[in-house]
Amino acid sequence: MNVSKKLMLSLAAAVITVFAMSNTISAASEKTGVVTGTVVNFRKEPSLSSKVLLQLKKGTKVTVIDSRGDWYHVCYNDAYGWMHSDWLDVSEKSIATGIVTGSVVNVRSKPDTKAEVLTQFKKGTKVEIFEQANGTAFP
């Protein structure tokens, strides 16, 4: 068996292990935001003139749904609204964790075995998964 096929089998085994470890994997990555201003307005629409629905304090966490220009569409305690990007620190939220089971697994720039190899993980490496596409998990 050539090296490419061995790497694909190792990657497939790693992905299957990740799926077995977590049933929360979704089709898209999720982002979380943390309020950075002292008190920040949570608005009905992405506009400074829009109605203020809530005011959130520094350190409050929200789920980011979408973005439009300098605004983020967010969810906080089942309420949906908009917050300006100047007052929100947004980062990817991992959707699962896993352990590499292949001896060496390539992490690629795209879900394609011909895509550029960004790095390699050795067996036993703990990874956080941020996105899944076509059955392939992305650390």
Side-chain angles (χ1 to χ4, degrees):
M1 189 180 302
N2 67 32
V3 175
S4 178
K5 286 184 181 179
K6 285 182 183 179
L7 286 175
M8 281 301 297
L9 287 174
S10 295
L11 181 57
V15 170
I16 290 169
T17 301
V18 169
F19 289 142
M21 291 174 55
S22 172
N23 60 5
T24 61
I25 293 180
S26 63
S29 65
E30 186 174 303
K31 295 183 181 184
T32 187
V34 178
V35 176
T36 58
T38 305
V39 177
V40 178
N41 292 329
F42 180 91
R43 298 181 179 273
K44 184 176 181 177
E45 299 294 332
S47 167
L48 292 174
S49 60
S50 179
K51 179 181 178 181
V52 175
L53 302 174
L54 301 166
Q55 291 189 318
L56 302 180
K57 294 181 181 179
K58 185 175 187 171
T60 302
K61 292 183 180 178
V62 298
T63 300
V64 177
I65 299 163
D66 198 7
S67 63
R68 187 183 306 164
D70 291 335
W71 293 85
Y72 288 109
H73 189 208
V74 301
C75 179
Y76 173 73
N77 285 349
D78 294 327
Y80 292 85
W82 293 85
M83 299 184 76
H84 197 275
S85 61
D86 286 347
W87 309 111
L88 204 58
D89 182 20
V90 176
S91 60
E92 297 261 348
K93 178 177 168 185
S94 65
I95 58 174
T97 59
I99 307 264
V100 175
T101 59
S103 53
V104 176
V105 176
N106 291 329
V107 177
R108 298 183 180 272
S109 60
K110 297 177 186 176
D112 185 337
T113 57
K114 295 175 184 158
E116 174 189 5
V117 174
L118 301 175
T119 190
Q120 293 181 323
F121 290 145
K122 293 181 181 178
K123 184 175 185 172
T125 302
K126 183 178 178 182
V127 294
E128 290 191 48
I129 298 169
F130 293 94
E131 187 174 350
Q132 175 190 345
N134 301 325
T136 303
F138 296 97

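Hydrogens, waters and symmetry mates play no part in the numbers below; they use all other heavy atoms, side chains included.
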If every non-hydrogen atom of [X] is compared with every non-hydrogen atom of [Y], which pair is closest and at what distance?
X    : Y    : value
L56  : V62  : CD1-CG1, 3.8 Å
R108 : K114 : NH1-C, 4.3 Å
L54  : A79  : CD1-CB, 4.3 Å

When hydrophobic residues are tied together by side-chain contacts of less than 4.5 Å, even through go-betweens, does V127 share a cluster with L118?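 Different clusters: V127 never reaches L118 through Ile, Leu, Val, Met, Phe, Trp or Tyr contacts under 4.5 Å.
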W82 reachable from L53 in the ILVMFWY side-chain graph, under 4.5 Å edges: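 Different clusters.
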Holding to side chain to side chain contact (heavy atoms under 4.5 Å, CB included), I want the full list of residues that pass it with K57, two or more places apart in sequence or in another chain.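 Counting only residues at least two positions away or on another chain, K57 forms a side chain to side chain contact (heavy atoms under 4.5 Å, CB included) with T60.
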Value rounded to 0.5 Å, distance of CD in Q120 from CG in N106: 4.5 Å
For residues 64-78, tabulate all N or O donor-acceptor pairs below 3.5 Å that involve a side-chain atom, not counting sequence neighbours.
none

Donor-acceptor contacts, no H, no angles, side chain residues 34-49, under 3.5 Å, sequence neighbours left out:
from, atom 1, to, atom 2, distance (Å)
T36, OG1, W87, O, 3.3
N41, OD1, Q55, NE2, 2.9
R43, NH1, L48, O, 2.9
R43, NH1, S50, O, 2.6
R43, NH2, L48, O, 3.4
S47, OG, S49, N, 3.2
S47, OG, S49, OG, 2.9

